[in-house]
Novice: 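Questions regarding the structure given below will be posed in turn.
Each chain gets a letter, A, B and so on, in the order the sequences are listed, and its residues count up from 1.
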There are 2 protein chains.
Amino acid sequence: MEEIKNHIRRFVNISDKELNAFTKELELQEVKNKEFLLKEGTHSLHHYFVVKGCLRSFFINKKGVEKIVNFAIEDWWISDYDSLINKTPAYLNIQAVEDSIVLKIPQEKLEALFETSTNLNSYFRKILEIVRIADQKRVQFMFNMSGKEMYEHFRDNNPEFMQRVPQYMLASYLGFTPEFLSKVRGLQE
Amino acid sequence: MEEIKNHIRRFVNISDKELNAFTKELELQEVKNKEFLLKEGTHSLHHYFVVKGCLRSFFINKKGVEKIVNFAIEDWWISDYDSLINKTPAYLNIQAVEDSIVLKIPQEKLEALFETSTNLNSYFRKILEIVRIADQKRVQFMFNMSGKEMYEHFRDNNPEFMQRVPQYMLASYLGFTPEFLSKVRGLQE
DNA sequence: GAAAAAAATTAATCATGATTAAGAAATGAA
DNA sequence: TTCATTTCTTAATCATGATTAATTTTTTTC
């Protein structure tokens, strides 16, 4: 729990009282590798904060292939925002990629906290700003780079992360097939 | 100015006093078609809210081709978030696609307002939530649809908007060449 | 309303990355 | 320590959409 408190303190100047009002609503959950926190079509209720481990969100495309939308590792959030905000059935699945520990908070509790805490509002605004910038960059990469370049860029910028997920998941996240990723890796740079 | 006040009121329950503190910092600017509000490499200072007209943000890729990242029409915001938040030189250009009227607010003024107004924090958090969902869907479309399908989907969901921008800009936004878009339009569905 | 500029179309060729189909290597379970 | 499952690789063929180049259509400007 100190984990997330410190994380929030890095973004906003927040009193212990406000922080405790928040952490009081959090629930710790352990998830085994391959276990699901959310399945598509069901009602999504929680935001998940990764204390330890690694999660992924993905959907199944028309051809039945898994497409990874996001990863989350330590000190990051993952959820199906569309489902949480618009109260629609989840389009995404959220699944553990390693044995993990998460803190979860129900969307409704969070909304209630936003009514009373400027700092929490501010914290989540700042998280969303970062997410916005990351999403923007991702589109830019997709518009600007070949598959080979995307792979090399990802590898060079996330060397530690490369060790944590199977290659075929990275291929899915980058938007291509495992066969193609394998080919790209085999080529000289 | 009533325009943006009403827009904000649709998202948060905000007092006139708080609203006025915000609108006091806004500056009205008219932009002719093709005029720039931001050029890449320069220092980005403002968020822009479109009162009337249409803007686009784009970058120039390695091959010298314009890649449109976002459009903004009436009642929507546009900016280079990365540049504003991280104080880096702009990577994006922001340009009018029609004669337009915008309201602009400097990032620093906005940051100051966030310190005092929960409701403004909340409003921008909600805007970012919507942006997050839109960004997410865009990635999903890119992962799930052929060029032809992306065009048809966009056309069916934004019939009015189709009239407002040249086809080659839409092609750029969707991630392909004007030649390909033209081909796709020529095909039977 | 003529000339110029901007936007859209067409068609041929080309390249990136998908698909298919084996098989090899690594990991995990009994 | 063997069997089974998961992951990764290789190679051939195929499809989507890029590139190039020319032409037509539309819009703007004088």
Novice: How does each nucleotide of nucleotides 24-30 of chain D score, in 5' to 3' order, for protein heavy atoms under 4.0 Å: base (B), sugar-phosphate only (S), or none (-)?
Specialist: -------

Novice: Taking N or O atoms only and anything under 3.5 Å, show me the protein contacts with nucleotides 24-30 of chain C, one pair per line.
Specialist:
none

Novice: List the atom pairs, with distances to 0.1 Å, where a side-chain N or O of residues 14-24 of chain A and a protein N or O form a donor-acceptor pair under 3.5 Å, not counting sequence neighbours.
Specialist:
residue: A/Ser15; atom: OG; partner: A/Glu18; partner atom: N; Å: 3.1
residue: A/Glu18; atom: OE1; partner: A/Asn119; partner atom: ND2; Å: 2.9
residue: A/Glu18; atom: OE2; partner: A/Ser117; partner atom: OG; Å: 2.6
residue: A/Asn20; atom: OD1; partner: A/Lys5; partner atom: NZ; Å: 2.8
residue: A/Asn20; atom: ND2; partner: A/Asp16; partner atom: O; Å: 3.1
residue: A/Thr23; atom: OG1; partner: A/Leu19; partner atom: O; Å: 3.3
residue: A/Thr23; atom: OG1; partner: A/Asn20; partner atom: O; Å: 3.4

Novice: Using side-chain contact (heavy atoms from CB on, under 4.5 Å) as the criterion, list what pairs up with A/Ser83, not counting sequence neighbours.
Specialist: A/Ser44, A/Asp80, A/Thr88, A/Ala90

Novice: Which residue pairs satisfy the salt bridge (Lys or Arg N to Asp or Glu O under 4.0 Å) criterion with at least one member in residues 29-38 of chain B, sequence neighbours excluded?
Specialist: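 Listed once each, the pairs are B/Lys32-B/Asp99.
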
Novice: For B/Lys183 and D/dT19, what is the distance between atoms NZ and P respectively, to the nearest whole Å?
Specialist: 13 Å

Novice: A/Met145 CE to C/dA15 C1': how many Å, rounded?
Specialist: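 It is 19 Å, rounded to the nearest whole Å.
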
Novice: Check for a donor-acceptor pair, side chain of B/Ser100 on one end and backbone N or O of B/Cys54 on the other, with a separation under 3.5 Å.
Specialist: yes

Novice: Counting only non-hydrogen atoms, which of residues 58-70 of chain B are less than 4.0 Å from DNA chain C?
Specialist: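 Hits under 4.0 Å, by residue number: none.
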
Novice: Send over the distance from B/Asn33 CG to C/dA6 P, rounded to a whole Å.
Specialist: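 Spelled out: CG on B/Asn33 to P on C/dA6 is 12 Å.
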
Novice: Using the salt bridge (Lys or Arg N to Asp or Glu O under 4.0 Å) rule, collect all pairs that involve residues 158-174 of chain B, keeping only residues at least two apart or in two chains.
Specialist: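 Only B/Glu74-B/Arg164, B/Glu98-B/Arg164 qualify under salt bridge (Lys or Arg N to Asp or Glu O under 4.0 Å).
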
Novice: For the backbone of A/Phe161 and the side chain of A/Asn158, can you confirm whether one donor and one acceptor N or O come within less than 3.5 Å of each other?
Specialist: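 The answer is no, because no donor-acceptor pair under 3.5 Å joins these two groups.
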
Novice: Side-chain donor-acceptor contacts of residues 45-53 of chain B below 3.5 Å, not counting sequence neighbours, with atom names and distances?
Specialist:
residue: B/His47; atom: NE2; partner: B/Gln107; partner atom: OE1; Å: 2.6
residue: B/Tyr48; atom: OH; partner: B/Leu37; partner atom: O; Å: 3.2

Novice: For the helix from C/dG1-D/dC30 to C/dA30-D/dT1, what angle separates the axis at the start from the axis at the finish, each from five pairs, in steps of 10°?
Specialist: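 Its terminal axes enclose an angle near 60°.
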
Novice: Rounded to the nearest Å, what distance is computed from the CD atom of residue B/Gln167 to the C1' atom of nucleotide C/dA6?
Specialist: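 One finds 13 Å between C1' of C/dA6 and CD of B/Gln167, rounded.
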
Novice: What's the CE-P distance between B/Met162 and C/dA7, to the nearest Å?
Specialist: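 My rounded result for the distance is 16 Å.
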
Novice: Among D/dT7, C/dG17, D/dG17, which is the nearest nucleotide to the side chain of A/Lys34?
Specialist: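 Among D/dT7, C/dG17, D/dG17, the one nearest the side chain of A/Lys34 is D/dT7.
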
Novice: Could you work out, with salt bridge (charged side-chain N to carboxylate O under 4.0 Å, His left out) as the rule, every residue matching B/Glu129, not counting sequence neighbours?
Specialist: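 Once residues adjacent in sequence are excluded, the partners of B/Glu129 under the salt bridge (charged side-chain N to carboxylate O under 4.0 Å, His left out) criterion are B/Arg125.
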
Novice: Taking only the side-chain nitrogens and oxygens of B/Arg185, find out if one of them lies under 4.0 Å from OP1 or OP2 of C/dT9.
Specialist: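 Indeed, a polar side-chain atom of B/Arg185 lies that close.
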
Novice: Going by the rule side-chain contact (heavy atoms from CB on, under 4.5 Å), which residues pair with A/Phe141 if we only count those two or more places apart in sequence or in a different chain?
Specialist: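 For A/Phe141 the side-chain contact (heavy atoms from CB on, under 4.5 Å) partners, ignoring immediate neighbours, are A/Lys137, A/Met145, A/His153.
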
Novice: Let's see if you get this right: which residues in residues 171-181 of chain A place a heavy atom under 4.0 Å from DNA chain C?
Specialist: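 Per residue number, the list reads A/Gly175, A/Phe176, A/Thr177, A/Glu179, A/Phe180.
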
